[in-house]
Amino acid sequence: MDPRTSHAVASTAATSPKLSAKAERFTESVIREMTRLALKYGAVNLSQGFPDFPAPAEIKNAAKVAIEADINQYAITWGAKKFRDAIAANFQRTQGVSVDPEREITVCCGSTEAMLSSLMAIINPGDETVVFEPFYENYGPDAILSGATPRFVKLHPPDWTFDPDDLAAAFGPATKAIILNTPNNPTGKVFDRKELEIIRDLCLKWNTFAITDEIYEHMLYDDARHISLATIDGMRGRTITINALSKTYSVTGWRVGWAIAAPEVTAAIRKVHDFVTVGAAAPLQEAGALALQMPASYYETLAREYLIRRDRLIGILTNAGFRCFKPRGAYYIMTDISAFGFPDDVAFAKYLVTKIGVAAVPGSSFYREPADGRNHLRFTFCKKESTFQAAAARFADLRLAR
Ligand SMILES: Cc1ncc(COP(=O)(O)O)c(C=O)c1O
């Protein structure tokens, strides 16, 4: 090697430019890390929320047709018209909310980007966001990246209720928005009307936005009903409703989601979105337009099949010694692991993935203070029967080890 080159490499390493202080404030995703560990150790993956069964044939076919028809160039940055029209019609049908697809919808690269672009569109230095805890782990880095200071409000097991006084105490003059996720990951909680009205009252009192992540809207059990925050009196103009194709149509890898908000808010979200990603995949938006017009029977079957999967996994976990908090929505089961006598959730999750062969997500990744989640592990049930059978077989070793 040329000695001058090697010197240059060495001196660059010694004095490497400083990295972003923001990026240093969060770690890589624990959930995605668990999937990598599952692959490494050949474990049954009940950690990350992606279905291991096929997506609906007609939706896949619509994507193929779109590619074949050469819908392969940039769509309009805020979303293909056909897809935005379908999103508007769908929101009208499911929640009775009428939105203008020309001025109130931004199609993004998954609900992940919709959430971050929305936050970046509304947050100024010094702004705070209110977040229920345990929370979907992205909301932590989302706050850091957008510059918001999160204020956490605890959801208490077993029903994951919140104390209205705690919520009131988290709001103040610096509050810019509350972030809500219903049906909820990781708890399976479905917020009811009374709770949404408490949230509404605080949003009105402090003149804040609400960003609501409703990606699990169709996964509901035991008569739970999904109510969009935007339908609560007074909330239509101040709610940013986020959703995606990912979970409802079993296409988490497509990366197509959207944000619905009042025109002036949408204008800001669209600007951020345009310069961050330009747009979501054009042919997949075409397929999305078809997906959003699936008949009611599609959603009934989806919920019915997920109910069977939920009860199947609760049976397996209970049998293996976990205490399960029965979810009323979404596709995760939070468990209490105290009975296993491990020092904490991370140690137990590592033991499970390396020695037993099942991957789950440590509860601490859903809390600001890791100690608050040390007695929890989260499992997902968006898996096929053969995966459940494999997990049940592996858990037999866990029972024997106890
Ligand atoms: C609550 C919640 N929001 C958003 C996402 C990510 O959604 P998308 O794939 O649309 O980016 C997930 C994925 O697990 C989630 O659980």
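Given the structure is predicted, the values throughout are model-derived calculations rather than measurements. Indexing begins at 1, ligand by ligand and atom by atom, following the structure's order.
Here ring-ring contact (aromatic ring centres under 6.0 Å, His included) pairs that include residues 44-90, with residues two or more places apart or in two chains, are Phe83-Trp258. Within the structure, ring-ring contact (aromatic ring centres under 6.0 Å, His included) pairs that include any residue of residues 137-159 comprise Phe135-Phe152, Tyr136-Tyr139 (at least two apart or interchain).
The aromatic ring centroids of Tyr306 and Tyr221 lie 6.0 Å or more from each other. Taking the six-membered ring for Trp and the full ring otherwise, Phe388 and Phe395 have centroids separated by 6.0 Å or more.
By the salt bridge (Lys or Arg N to Asp or Glu O under 4.0 Å) test, Arg193 is found to be paired with no residue, residues two or more places apart in sequence or in another chain being considered.
Ring geometry for Phe381 against Tyr331 counts as perpendicular: the plane angle is over 60°, on a 0 to 90° scale with 30° as the lower cut.
For ligand 1, the 4.0 Å heavy-atom shell takes in Gly110, Ser111, Thr112, Tyr136, Tyr139, Asn181, Asn185, Asp213, Ile215, Tyr216, Ala244, Ser246, Lys247, Arg255, Tyr332, ordered by chain and residue number.
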